Structures are given as C-alpha cells and as structure tokens.
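All values reported here derive from a predicted model rather than from experimental measurement.
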Amino acid sequence: KNGFMISYPGWEADTDAYLRYHESNAHLASNISERMKRKQQLFMMTELDRLECDYIGFGADKENYEALHCENTSFGFSEAALEKATRRQMLFDRHLMRRQWICRIVKVTSVLGVLMLIVLVWTF
C-alpha cells in the first residue's frame, strides 16, 4: 500500500504494477511508487492550472505553489495547494456576490427614492 490518494488518469494500471512487484521486487515496487507520486503531483499541478481563479493574489499563490512543488518532493503538497486555491476562489466569489447584491440594493433604493421624489413633486 502506497499510503497516498491517487486520482491521475491511468493510476489503476500503475497500482496493478505496484501490487505485482511489491513483495517479489521491493526496488522495482519503490520505483513504481515514486513514479506514481510524481504523476499524481503533476496531475494536481495540471488541475491547478485548469482552475479559472480570478481572486486577488491567485497569480502570486500559483507561483508559490509551483516553487514549492519544485523544491518539495513530499506528497500531498499539490492537493493542499489545489484545495487552498479553490477555497480562496469560493471566498472571493462570495465576497463578489455580496458586493453585487449591495450594489443592487443601493440602485433599487436610489430608484425608489427618485420615484418618491417625483411623486411628491407631482402631488404638490
């Protein structure tokens, strides 16, 4: 058992190869395991690239994630980066939606205020 989550395309065949050799050829199984980790990290970085994030600071976050990916070979970094970017985008979207609602309320209130002024002027 590798001890990490895998989801990249073709992981099933790699897992079969790992399981085939994990008892009979530990060295080969270790190489397969390391290759699987690298494939998963590459897949997660590709997924990060596919995110259409526009929150403030995403460019800097992405550069940091990529730099850490190059320096850090421990598994799990890319998944954490992807989750963090997704959470930040979600928070940014909520903030943006809230601001849009406030703008709509202000516009409606302004229109109602103008209409009330027109009615007041018209009736007097």
Side-chain angles (χ1 to χ4, degrees):
K1 187 172 182 175
N2 289 327
F4 58 89
M5 292 280 293
I6 50 176
S7 58
Y8 64 87
W11 67 268
E12 297 93 344
D14 290 343
T15 300
D16 289 343
Y18 173 82
L19 292 173
R20 190 172 344 154
Y21 295 108
H22 84 282
E23 288 185 15
S24 62
N25 189 337
H27 179 72
L28 182 57
S30 177
N31 288 343
I32 293 170
S33 176
E34 287 303 312
R35 186 176 68 230
M36 290 173 71
K37 287 179 184 180
R38 287 191 303 274
K39 283 183 175 181
Q40 182 64 28
Q41 287 179 330
L42 181 61
F43 176 70
M44 295 308 291
M45 289 304 293
T46 303
E47 290 297 299
L48 182 62
D49 285 341
R50 295 169 100 195
L51 285 179
E52 294 182 11
C53 292
D54 58 355
Y55 67 84
I56 298 168
F58 176 67
D61 283 351
K62 187 175 174 189
E63 287 177 14
N64 288 337
Y65 300 150
E66 289 169 352
L68 284 172
H69 176 69
C70 292
E71 295 171 10
N72 185 355
T73 58
S74 67
F75 186 78
F77 151 74
S78 296
E79 289 176 340
L82 186 63
E83 289 173 14
K84 186 175 183 180
T86 304
R87 265 195 321 272
R88 284 186 173 183
Q89 182 63 40
M90 185 179 65
L91 291 172
F92 178 75
D93 289 344
R94 281 187 193 165
H95 176 74
L96 193 59
M97 284 177 31
R98 192 174 299 134
R99 290 186 75 192
Q100 289 172 345
W101 274 105
I102 290 171
C103 288
R104 287 180 185 159
I105 291 169
V106 168
K107 285 179 185 178
V108 169
T109 304
S110 298
V111 169
L112 289 175
V114 169
L115 288 174
M116 287 185 67
L117 284 174
I118 292 172
V119 169
L120 285 174
V121 169
W122 190 269
T123 56
F124 288 105

(request) Give a yes or no on this: more than 12 heavy atoms of other residues, nucleotides or ligands lie within 6.0 Å of atom CD of E12. (result) yes

(request) Find the distance between CG (N31) and OH (Y18) and round it off to the nearest 0.5 Å. (result) 11.5 Å

(request) Rounded to the nearest 0.5 Å, what's the gap from CD1 on I32 to NE2 on H27? Could you check? (result) 10.5 Å

(message) Show the nearest heavy-atom pair for residues A29 and H22, with the distance to one decimal.
(response) CB-CA, 3.5 Å

(request) Return the minimal non-hydrogen interatomic distance between M36 and W11, and the atom names on each side. (result) CE-O, 4.4 Å

(request) State the CG-CD distance between D93 and Q89, to the nearest 0.5 angstrom. (result) 4.5 Å

(message) What's the separation between atom CD in Q40 and atom CG in D14, rounded to the nearest 0.5 Å?
(response) 10.5 Å

(request) Sequence neighbours left out, what passes ring-ring contact (aromatic ring centres under 6.0 Å, His included) with Y55? Give chain and number order. (result) F58

(request) State whether the number of non-hydrogen atoms from other residues, nucleotides or ligands found under 6.0 Å of F92 atom CZ is greater than 12. (result) yes

(request) Verify side chain to side chain contact (heavy atoms under 4.5 Å, CB included) between I6 and K37, making sure each step is shown before the conclusion. (result) CA-CA 8 Å; I6 50 176; K37 287 179 184 180; over 6 Å; no

(message) Quick check: do R38 and L42 have side-chain heavy atoms less than 4.5 Å from each other?
(response) no

